[in-house]
Amino acid sequence: MSDLDKAIAQLRACRPIPESQVRELCYKARELLIEEGNVVSVDAPVTICGDIHGQFHDLMELFRVGGDVPDTNYLFMGDFVDRGFYSLESFLLLLCLKVRYPDRITLIRGNHESRQITTVYGFYDECIRKYGSANVWRYCCEVFDYLALGALILGATTDLAPTSSISLEESTQSTLPADDDDIESEVLDSQGRVQCKTIRTPPLRDPPTNSTSNGHISPAPDRDALSPPAERPPSSSLPNASSPTLGSTPQPSTSQQSSSSFPIHPPSSTGSILCVHGGLSPLIDTVDKIRLLDRKQEVPHEGAMCDLLWSDPDDIEGWGLSPRGAGYLFGSDIVTHFNRKNDLSLIARAHQLVMEGYKEMFERQIVTVWSAPNYCYRCGNVAAILEIGEDGANGGVVGRSNGDVGRRYGLGEEQVPHSSLPPPGRRYRVFEAAPQDSRGMPAKKPVAEYFL
Amino acid sequence: MLQHSILEVLDRSVEHKFLPPVKEIHDGPDVAFFLTSLAYRDIMTFILQLNHSMIPRKSESDGVKTTQVWELGSDAIALSEPIRKLQQLIGRLNSLLDEVPPDTGPRRFGNVSFRKWYGLVEEKLPALLQEFLSPDILSFGCLSSDAARITAADELQVYLLGSFGSPQRLDYGTGHELSFLAFLGALWKLGLFEGQGPGIAERGIVIGVFEPYLNLVRRLIKSYTLEPAGSHGVWGLDDNSFLPYIFGSAQLAPAIDEVDPAPIEGSLPEAPDASSVANRSLVQRERTRNMYFSAIGFIFDVKRGPFGEHSPMLYDISGITAGWGKINKGMIKMYNAEVLSKFPVVQHFPFGSLFRWEKDPDADPPPQATRTIHQPLREPQVPGGDASRARTGYNAASSIAAASPGPGTSSSWATTPSNPPRGMVDGVTRAPWVSATKSPPPPVKRNRPGPNG
């Protein structure tokens, strides 16, 4: 068993690892994260998770419900720390898993992954309590500065993700509807039982036009963070353009890619999914602009980087001042425009408590995912994770973009850009807080100075 | 003995110019000024005065020494007519709550029906004040008849309305609690509680008005799932309240004579052990007579999980063996540092003629930092960063001077507030820095402006 595996085992038992190991872990993590772009490309299938906030036992419940690493490919949208009692154990475990299985877990930065915020909301106090010094807090904050700002999920399918890889063997099969083509999303409880589903309605389309929908997204070279947006063929935003790690058959380059100025979206594939902790920024109109930010710093008080981590969608038009004092509120029109311009079918974000664990807004163009059940021991909410399936995974054959184009739209309509891309198939798993009876009381520590 | 100083009652034979209370704290340095202001002096004086009144008293009858304690619901606490009127006022606000059931529609967290309740209170408040406060309070210092002038009622109303949480953010925290304290302090200054022996009116205020207020607030929090403003999750003392921990620990401190200062350690002999706060059944027993346990009881009502996990600070404090007097002293220090010195909490406090935004000529200069408590570096170390990036960091000193609690000084609780704004929570996180620097959002291109614009 390697030292790393030992550390993972110890952290899984909710026991902090020694300071020297934290230091080493954080060093390795930084070396790894520095290679990632501001916007990490992630291939579907992937399970998207929202805020954790140090709720370690609930994170274990999440892994039980969603499958373990590395069996399940995870994307965590930040806010690992603060408020909860086990921020340290939670973040260090996720970091260990990142270092151990870098391609199977993606961590992006939340507004709480910041020096200033952690000194206010508890992570700093927790480190002092558990180590007696601020060193571990400092190591962790150095890692925060290297976390990516967002992720782009490629190769998502409009079909519902298959559940076969999940550990809930016996229940999962029965959850697959007989004709899952028409199911757009479904909600499963922690036992894998279907709670509800929605049927896909035919996508709305704009009249043919040649002036909309330019692909603005570069194909996101993971290891090439600062590459300029440059001239890349718009069609390169095609989902599934590259998913080598998942064993998909490499696609032959298609004639459509060169002959069309529009990205082609075959029936079961859809646009990319942008994952970001907070939301959009008035300073960011394309995903590529995120790539140009210099992210390796403390989260600024304002500006694009701040907004991505702080903003919230709201039922307004345009932009509004945020009551949080950082970031902005943005309305459905902003999301529609951004998604169209960037060939996105969905924005997934976290950052706001939702009683039901997830909340879709603006006609399914954006979703909030919240993964901290019974938040702060009192909110009574359930948590959710969102599974996105892989294009072509159902049939086990890829290359639909080559052969099956237009099946749903009829002949001659292949090149019509949609007004909005059909949202990906979405499987939510909701779960409640982990049972607490078995946990012992933590040891008392010396009181704060006020009481000395 | 400054410890015993009493909030001054205004002279009603002198014309008093009331002022509409306005926000004055806009950034960190304003907090520093606040801590040297007349308003701060009055708030702190009033808290210490109330605190002192709650400490058990030594008494002697027929040569037998006894101890008089001040429990919730105790007959020993005189409830004067003004106190009873205030209780009725709170009772009325409680019944308004019955009229506005929580909304059953979809919601993110806080229940929007709180806004309806708040709206009702706002609408009825002038009439309620007329009903429950005597005319000589409401027209205090009004020697000429000028209908347009600002009255005491105008100032009182602002503090009372600020006591129940934020209708915009659907949250409640220690800033709102402070506003209610100011409402009571304002009434004190207007002479509502005059004419009683030492400590009597104060006990009536704490037991007769403050605890019913807390119960109303707890009901609001539960009914409308108000989010905890100012909460640091498990890393704060309590999600919503602070003052019951001060007054409640005073209730269990060792008995004193009226002229004695507050004890700094020891406990009432029959007081429950500090460690019993983690014991649910002991808490259930004690919550009906003690404010500290009443507050802990509410935590047990709303939180699930091991006490040591969801309330580690209270849990650590429960390990103190030096008694409730020690806890009481620490709570006051902590209130001063974590509530009154925190920008996110006090920034909303409005200042008028009763709580004045004016330098207290007797205020000590803010003591220089003598030692730092466990505060982190407020200047983020930017890896490879240049100076321009450092603008994101705090640059004020983080130190909180722990003034030495010398004998005879009034500032044993005083700490230096040099630290800049800290964050605030209400389920969502609020940026702890000053929003004044925030640039406005881009103009809305469409026809309808957003409600938050």
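The sequence lines fix the lettering, A, B, ..., with proteins before strands; numbering per chain opens at 1.
Between the side chains of A:D307 and A:Y328, no donor-acceptor pair is found at a separation under 3.5 Å.
Heavy-atom pairs under 4.5 Å with chain B peak, among A:G84, A:P282, A:C376, at A:G84. Here A:L452 is the residue among A:T118, A:L452, A:N381 with the most heavy-atom pairs under 4.5 Å with chain B. Heavy-atom pairs under 4.5 Å with chain A peak, among B:M331, B:M313, B:R304, B:K303, at B:R304.
A:H53 and A:Y375 have tilted rings, their planes meeting at an angle from 30° to 60° on a 0 to 90° scale.
If you measure heavy-atom distances from A:N111 to chain B, the contacts under 4.5 Å come from the side chain alone. Heavy atoms of B:I320 lying under 4.5 Å from chain A belong exclusively to its side chain. Only the side chain of B:I221 comes within less than 4.5 Å of a heavy atom in chain A; its backbone stays farther off. At a 4.5 Å heavy-atom cutoff, A:F330 makes no contact with chain B through either its backbone or its side chain.
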Give the C-alpha distance, both sets of side-chain angles, the deciding distance and a yes or no for side chain to side chain contact (heavy atoms under 4.5 Å, CB included) between A:V187 and A:V430.
CA-CA 7 Å; A:V187 182; A:V430 300; 3.9 Å; yes

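Remark: A:K130 qualifies as a cation-pi partner of A:F85 under the 6.0 Å distance and 45° angle criteria applied to the six-membered ring.
Screening A:F56, A:F144, A:W137 for a ring-ring contact (aromatic ring centres under 6.0 Å, His included) with A:F91, the sole residue that qualifies is A:F144.
Proximity of a side-chain donor or acceptor of A:E113 to a complementary backbone N or O of A:F80 within less than 3.5 Å is detected.
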